[in-house]
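Report on the following structure.
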Number of protein chains: 2
Amino acid sequence: MGKLSIKDIAQQCNTSITTVSFVLNGRAEEKRISKELKERILKTIEDTGYKQNQFARGMRTGKTNIIGLIIEDISNAFFSAVARIIEENAYKRGYKIIYCSTDDNTEKTKELIKLFVERNLDGYIITPPKGIEDEIQSLINQKIPVVLFDRYFPGLETDYVVVDNFNGAKKAVQHLFDAGFVNIGLITTTSDLTQMQERLDGYEEAIAENGKKPKILKIPFDNSAEQNIETISSYLKKNKDLDAIFFSTNYLAFRGLEAINELKMKIPEDIAIVAFDDQEFFKIYNPSITAVSQPIKDISIKLIDILLQKMESIDKPIEKVILPTNLIIRNSSIKIK
Amino acid sequence: MGKLSIKDIAQQCNTSITTVSFVLNGRAEEKRISKELKERILKTIEDTGYKQNQFARGMRTGKTNIIGLIIEDISNAFFSAVARIIEENAYKRGYKIIYCSTDDNTEKTKELIKLFVERNLDGYIITPPKGIEDEIQSLINQKIPVVLFDRYFPGLETDYVVVDNFNGAKKAVQHLFDAGFVNIGLITTTSDLTQMQERLDGYEEAIAENGKKPKILKIPFDNSAEQNIETISSYLKKNKDLDAIFFSTNYLAFRGLEAINELKMKIPEDIAIVAFDDQEFFKIYNPSITAVSQPIKDISIKLIDILLQKMESIDKPIEKVILPTNLIIRNSSIKIK
DNA sequence: TTCTTTTGCTAAATCATTTTAGTATAGCTA
DNA sequence: TAGCTATACTAAAATGATTTAGCAAAAGAA
């Protein structure tokens, strides 16, 4: 059954293991195996259904044909959508995916990278939490292909794919001003990773350009959903002058909607809303929610593309990709007269 | 660096490779290795940071410590939530996860299983599409541990974890009758997999018990989102007498909400809604949506639990787990007087 | 004392490949 | 006809573990 080895093929073809191996690895030309023998071997492989043993192969070559996908949280819609497309494209090109969620936990991520490196995965796609610069650098030093996404380390020369968070955020806030809102707050996380910092900067610049003062609520990543609702709720109660809120990330927008519901406030009459990172949900919600949408497909395809190129030749020049976002204007940010 | 082999450890400890291997595999007692030598070996391993080469190990043992997670669609919230918990628990117990999405496509799934079996994964958790009974049976024959979930094959003696779809659906529909609705339609997929069939049966039984006639719309799985909205929209227009709809799955409920919005119908005044498979979204939506919730955590834990037991001893008796669902009543199914 | 058993360990085979360093033969050149 | 080159292949080493079979010394039994 599954017990066929290269030896069996060699015997059946009256040739050597070496020759079969060359044919198997597409080195027949190079090694001047005659067309005839090559065909015979190929046919035998086909007929018998022989498959290479991946362990033995990996043992010699150190290759696994497996890519490690290390993301913040597979159950978050943005990440699972990206994971989905990466998976699809990786499979098409003969690679499998091992994935895991980091929860943005530095220690957990370090562990995971160590674990994966032990297993000799061929390449990595990572949304890094803070504090793992050394681990990433060490991968690069070991010539192991890595591409970061969603955020990156400014001090590190790595390939990455991110979106233009700064302009995405700035445009969103400017849109609120244009729509006639005046006091615009920001609800964001305490994270100082690039993507969050840039969204914050975009908000602040738009605020400054309109001659206003920023009003920012920062919430730790590891708070529970209930805590978040509570925090946002009391922030809204304390800041009655706010007429619009920009949420820097989708899960905070969810909590915000719950808080707003609890307070029986109306969107956009009592408070207008814009969220970063569009969701199917935002389109259906009543009122529909204006959002900064990330080009999920482009991100995913670019990621897997860069990684595979890197895996083919590790000395490929570094690529830093910044993709544009798209502001989708819906009812939650349109003033009702 | 990573170049340490068991040989190096043996040399440093002035002992044989065999002995180190025994210690490494926890067989020191059994093989009567002296406490002293064992400690010395362990210490050297610790000090040098030696790690077993997984290829070489796998080559001898055929084990990978990797579990294959083959699910319908990682970007569906229900599946990604399950994946998340399985992942967490697998890692805790020293296993990694390779996953992939099937799209409920029979051919794709067959390919995937073949691919994974070639790689000698240690066990499988699968949401099977139709028509892969033979592949599952073949896994069982080869004594490879498998647990199915979400649906199963009635003719096959396999471990599985599902929910009580029949009673979940029946209760949901009965609840609509109890709330005063009279003409209740079902929107479901054309799939004849167990979970969908049972939900359909549950609906029909509730309808029959209330002396009504069923009104069912079946939509193929591979239709696009836009097609689905269109189909539901014209169904609603044609069946003006309906005052409530039961959606058999979450993505159809989404499309339904979009169609209802487009038609400017009001929930629950014009049409009441109950969906199978609760979502965070349903709680926040306005009005909030009544839903049959699946015990995601219990499902996931049970799955990984059964699989790991099976991996320890393949002859573990088969377990067929049917978990109860929970009807969460919200505003979309409460009659307004 | 001699034989048997237990203790503590190890040599060597094995797993299925890749790859290096060849060899043997045929054909061509001078 | 000797020498060289190209062609078509192969033997054997190496990869890093697990595991079978067995050995030497010490302890215990008769």
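Remember, it's a predicted structure, so these values are computed and weren't measured experimentally. Just so it is clear: chains get the letters A, B, ... in the order the sequence lines come, proteins before strands, and each one is counted from 1. Note that these values count all heavy atoms, side chains included, but never hydrogens, waters or copies made by symmetry.
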Taking only the side-chain heavy atoms of B:Ser34 (C-beta and beyond), determine which of D:dT19, C:dC9, C:dT17 contains the nearest atom. C:dC9

Looking at every strand, decide which applies to A:Lys51 at a 4.0 Å heavy-atom threshold: base, sugar-phosphate, or nothing. sugar-phosphate

Looking at every strand, decide which applies to B:Gln54 at a 4.0 Å heavy-atom threshold: base, sugar-phosphate, or nothing. nothing

Above 12 or not: heavy atoms from other molecules or residues under 6.0 Å from NZ of B:Lys320? yes

What does B:Lys7 touch in the nucleic acid at a heavy-atom separation under 4.0 angstrom: a base, only the sugar-phosphate, or nothing? nothing

Taking atom P of C:dT19 as reference, at what distance in whole Å does atom CG of A:Asn25 sit? 7 Å

Nearest-nucleotide pick for A:Ser16, side chain only, options being C:dC9, D:dA11, C:dA16: D:dA11

Please report the distance, rounded to the nearest Å, between CG in A:Leu37 and P in D:dA8. 11 Å

If I take atom CZ in residue B:Arg27 and atom C1' in nucleotide C:dC9, what distance separates them, rounded to the nearest angstrom? 14 Å

Of B:Lys35 and A:Arg57, the one whose closest DNA chain C nucleotide lies more 5': B:Lys35

What does B:Arg32 touch in the nucleic acid at a heavy-atom separation under 4.0 angstrom: a base, only the sugar-phosphate, or nothing? base

5' priority, DNA chain D, between B:Met59 and B:Thr18 [closest heavy atom]: B:Met59

Checking all strands, does B:Ser5 fall into the base, sugar-phosphate, or nothing category for heavy-atom contacts under 4.0 angstrom? sugar-phosphate

Base, sugar-phosphate or nothing for A:Phe22? Non-hydrogen atoms, less than 4.0 Å. base

Could you work out which one of D:dT10, D:dG16, C:dC9 sits closest to the side chain of A:Thr15? D:dT10

Are B:Lys114 and B:Glu118 close enough for a salt bridge, meaning some N to O gap below 4.0 Å? no

Closest to the A:Arg60 side chain: C:dA16, D:dG16, C:dT18? C:dT18

May I ask you to decide if the ring planes of B:Tyr99 and A:Tyr99 are parallel, tilted or perpendicular, using 30° and 60° as cut-offs? perpendicular

Could you tell me how far apart B:Lys63 (NZ) and D:dA17 (P) are, to the nearest whole angstrom? 19 Å

When rounded to whole Å, the CZ to C1' distance for the pair A:Arg40 and D:dA8 reads 12 Å

Rounded distance [0.5 Å steps], NZ in A:Lys310 versus CD1 in A:Ile144: 12.5 Å

Under the rule for side-chain hydrogen bond (donor to acceptor under 3.5 Å, both in side chains), what residues qualify as partners of B:Tyr152, not counting sequence neighbours? B:Glu198

Using a cut-off of less than 4.0 Å, is there contact between a side-chain N or O of B:Thr19 and OP1 or OP2 of C:dC9? no

To the nearest angstrom, how far is B:Glu118 atom CD from C:dT17 atom C1'? 15 Å

Report the distance from atom NZ of B:Lys38 to atom P of C:dT7, rounded to the nearest whole Å. 16 Å

Main-chain N/O of A:Asn65 paired to A:Asp122 side chain as donor or acceptor, under 3.5 Å: yes

Under 4.0 Å, counting only non-hydrogen atoms across every strand here, what does B:Ile17 touch: a base, just sugar-phosphate, or nothing? base

CD of A:Glu30 versus C1' of C:dT20: gap in Å, rounded? 13 Å

Side chain of B:Lys31 only, heavy atoms from C-beta on: which candidate in D:dT20, D:dT18, D:dG16 is closest? D:dT20

